[in-house]
Amino acid sequence: MSEKRPDLPNRQSPFSEAFKEFIATDWAPYDSELPTALPATGHTPARRNAISAQFPGDRLVIPAGGLKVRSNDTDFRYRPHSAFAHLTGLGTDREPDAVLVLEPVDTDDTPSGGHRATLYFKPRAPRTDEEFYANARYGEMWVGQRESLAEMAALTDLEVAPIDQLADDLAKDVDSTRVRIVRGADEALTARLDALRTEHEVTVDEALDDALTVALSELRLRKDAFEVEQMRLACEKTAEGFAAVAADLPEAVRRGRGERWVEGVFGLYARHAGNAVGYDTIAASGDHANTLHWIRNDGELREGDLLLLDAGVELDTLYTADVTRTLPVSGTFSDAQRKVYDAVLEAQEAAMAVCRPGVAFADVHKAAITVIANRLHEWGLLPVTPDVSLDKETGGHHRRWMVHGTSHHLGIDVHDCAQARTEHYREGTLEEGMIITVEPGIYFKSTDLLVPDELRGIGVRIEDDILITADGYENLSASLPRTADEVEAWLAPLLHDQQSGGSDR
Ligand code: GLY
Ligand code: MN
């Protein structure tokens with residue numbers, strides 16, 4: 001359920017009876033043609049079947065979640081819970097307060113195997129209803145036309161029902177049917193379901209609910225063909241955003257507060273190509289690159305510095321890329337910057353080289369961090385040998401300069417599958433269809449007294465999105481340059497066009 005927003009009687013004048021009568025008249029009928037199905041619709045039954053098979057006999061409740069208040073009477077832009085989006089195919093802006101219920105059935109003769117899937121949502125109100133003109137959150141005059149029941153059914157190929165029917169349907173057989181809900185998706189609905197269960201003397205066992213959340217997260221560890229294509233497209237659109245940023249580097253320097261300019265240019269491309277950015281853009285110049293999640297982005301871009309840009313386009317289907325490039329603002333790396341850059345690149349190549357089915361997820365990190373530890377040792381920074389540092393129990397000294405992991409799963413969430421069990425994630429094995437990032441870095445803070453002067457303030461990360469294939473991997477973000485030479489060659493014409501009068505801003 002959506003969070004409450006304050007009523008504002010001081011701002012909206014009451015509607016007269018004459019207005020109410022008048023506003024309901026003389027509108028063209030709604031289009032009788034039903035919309036075409038959402039692009040993911042052909043793929044969602046298999047996903048629902050996979051979950052159904054894991055919880056025979058249980059009622060499964062997967063809410064989209066409600067609108068969240070940003071401040072006062074304005075909401076954050078809406079984004080559905082990822083598990084809901086994955087099982088319904090509903091993406092951008094859809095569908096606040098909706099709930100997918102998989103109801104157990106005795107027969108196999110249903111679209112979801114052992115469950116019948118119903119999407120409960122708030123269909124559009126008729127124009128005779130006050131919602132049409134007076135409801136700033138849901139009304140057609142305020143937020144646009146919503147779907148009818150038939151239209152939503154056509155979009156999703158699901159059975160649908162009005163959300164007003166959900167309470168009664170959830171109450172049915174609640175004492176004899178085990179119900180599981182994704183607790184974090186809609187806290188108000190979860191509280192109502194807990195109250196209902198308690199009222200019927202059914203113990204609320206959060207662990208049973210959480211097993212559903214875990215299963216839904218693990219369901220996304222391997223991507224289906226549609227998801228792989230979406231990720232390919234998200235990477236392609238992300239590369240376009242990176243190129244636009246690169247071409248505007250001189251403008252970002254000239255304007256001041258260049259990190260914000262970079263964030264804005266990438267955001268424009270993300271918003272235009274898809275839903276938005278998949279996470280807050282990290283536009284970190286100079287020493288800011290040494291703050292791993294620098295999203296304040298209020299710094300200058302200075303000639304001679306590096307810009308670490310970590311950004312991803314999230315498509316309308318909500319699949320997001322997650323790519324990092326570290327770019328010399330003036331087009332060429334200094335010797336010191338190149339030395340750090342090359343070490344990170346070597347670590348990334350070593351990590352990518354081990355990516356294939358059957359390899360431990362942890363081995364990708366191990367390959368990267370072994371290179372990092374060795375280079376740090378060569379540069380005289382490690383107080384111990386690389387072997388001692390790489391010993392998990394007694395070492396870890398190298399982590400001072402790369403405190404994060406090398407990889408995470410990626411998909412409909414930037415940190416996808418975050419509720420998967422450790423044995424399937426950090427201690428898991430790579431399988432065909434998985435998509436992970438490979439993103440080593442070296443971070444030398446300007447305040448780090450162990451680091452020689454010429455390296456202080458240099459931070460480098462290189463991040464690509466890697467699809468595990470039957471016999472190896474495919475780098476989905478390979479269209480962006482990776483080696484220092486490639487980066488310089490890629491920047492040269494972009495910066496040259498700008499410097500020779502490409503921008504008239
Ligand atoms: N791109 C941000 C992160 O992976 O945490
Ligand atoms: Mn990442």
Side-chain angles (χ1 to χ4, degrees), residues 79 82 217 220-221 223 227 230-232 234-239 241-242 245 259 262-263 265-267 269-270 273-285 288-297 306-315 318-327 344-345 347-349 351-352 355 361-362 364-365 367-369 372 399 401-420 425-426 428 430 434-443 459-468 473-480 482:
R79 189 197 190 280
S82 294
S217 205
R220 301 201 303 273
L221 282 167
K223 274 59 183 172
E227 295 181 287
Q230 289 299 298
M231 291 299 294
R232 213 183 285 288
C235 287
E236 188 186 313
K237 295 299 171 190
T238 296
F242 271 68
V245 166
E259 292 178 346
V262 165
E263 179 189 328
V265 170
F266 189 82
Y269 274 72
N275 182 44
V277 288
Y279 52 95
D280 284 324
T281 293
I282 298 166
S285 190
H288 289 162
N290 297 311
T291 301
L292 301 177
H293 285 171
W294 175 259
I295 57 168
R296 210 182 300 160
N297 300 346
L306 295 177
L307 167 69
L308 185 157
L309 176 61
D310 182 340
V313 170
E314 178 183 270
L315 301 176
L318 305 181
Y319 289 87
T320 187
D322 176 7
V323 177
T324 306
R325 288 293 182 271
T326 307
L327 308 172
V344 174
L345 181 68
Q348 199 207 23
E349 304 222 302
M352 289 205 277
C355 287
F361 179 86
V364 182
H365 178 62
I369 209 68
I372 301 277
R399 297 179 75 177
W401 296 286
M402 179 181 147
V403 80
H404 61 77
T406 299
S407 301
H408 56 80
H409 284 269
L410 180 69
I412 214 161
D413 271 315
V414 61
H415 298 156
D416 210 22
C417 316
Q419 286 78 33
Y425 203 124
R426 188 161 50 81
L430 296 182
M434 289 181 167
I435 297 180
I436 61 168
T437 64
V438 177
E439 50 173 314
I442 294 179
Y443 309 93
V460 174
R461 176 162 66 252
I462 309 171
E463 176 175 26
D464 282 275
D465 300 345
I466 302 300
L467 167 69
I468 306 301
Y473 73 89
E474 178 189 340
N475 182 355
L476 299 178
S477 43
S479 73
L480 283 168
R482 289 177 49 251

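Residues take their numbers from the sequence shown, with the count starting at 1. For ligands, and for the atoms within them, numbers begin at 1 and follow the listed sequence. Keep in mind that the numbers below use all heavy atoms, side chains included, and drop hydrogens, waters and symmetry copies.
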Could you list, one pair per line, each nitrogen or oxygen of ligand 1 together with any protein nitrogen or oxygen closer than 3.5 Å, giving atom names and the distance rounded to 0.1 Å?
from: ligand 1; atom 1: 1 (N); to: D310; atom 2: OD1; distance (Å): 3.0
from: ligand 1; atom 1: 1 (N); to: D310; atom 2: OD2; distance (Å): 3.0
from: ligand 1; atom 1: 1 (N); to: D322; atom 2: OD1; distance (Å): 2.9
from: ligand 1; atom 1: 1 (N); to: D322; atom 2: OD2; distance (Å): 3.3
from: ligand 1; atom 1: 4 (O); to: D322; atom 2: OD2; distance (Å): 3.2
from: ligand 1; atom 1: 4 (O); to: H408; atom 2: NE2; distance (Å): 3.0
from: ligand 1; atom 1: 4 (O); to: H415; atom 2: NE2; distance (Å): 3.1
from: ligand 1; atom 1: 5 (O); to: H293; atom 2: NE2; distance (Å): 2.8
from: ligand 1; atom 1: 5 (O); to: H415; atom 2: NE2; distance (Å): 2.8

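Here F361 pairs with H409, Y425 under the ring-ring contact (aromatic ring centres under 6.0 Å, His included) rule; sequence neighbours left out. Residues meeting the ring-ring contact (aromatic ring centres under 6.0 Å, His included) test with Y473, sequence neighbours left out: none.
When atom types are taken as modelled, the side chain of Y279 and the backbone of A311 share a donor-acceptor pair closer than 3.5 angstrom. R325 contributes a side-chain N or O that, together with a main-chain N or O of L480, makes up a donor-acceptor pair within less than 3.5 Å.
In summary, R482 and E349 engage in a salt bridge, as defined by a charged side-chain N under 4.0 Å from a carboxylate O.
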(request) Using the side chain to side chain contact (heavy atoms under 4.5 Å, CB included) rule, take H293 and I282 through it: C-alpha gap first, then chi angles, then the decisive distance, then the call. (result) CA-CA 6 Å; H293 285 171; I282 298 166; 3.8 Å; yes
(request) Would you please test D464 and S477 for side-chain hydrogen bond (donor to acceptor under 3.5 Å, both in side chains) and show each step? (result) CA-CA 6 Å; D464 282 275; S477 43; 2.8 Å; yes
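Between G278 and T320, the shortest heavy-atom contact is CA-OG1, 3.3 Å.
Here the protein contributes D322 OD2, H408 NE2, E439 OE2, E463 OE2 as N, O or S atoms under 2.8 Å from the Mn ion (ligand 2).
For R232, the CZ atom is densely surrounded, since the number of other residues' heavy atoms within 6.0 Å is greater than 12.
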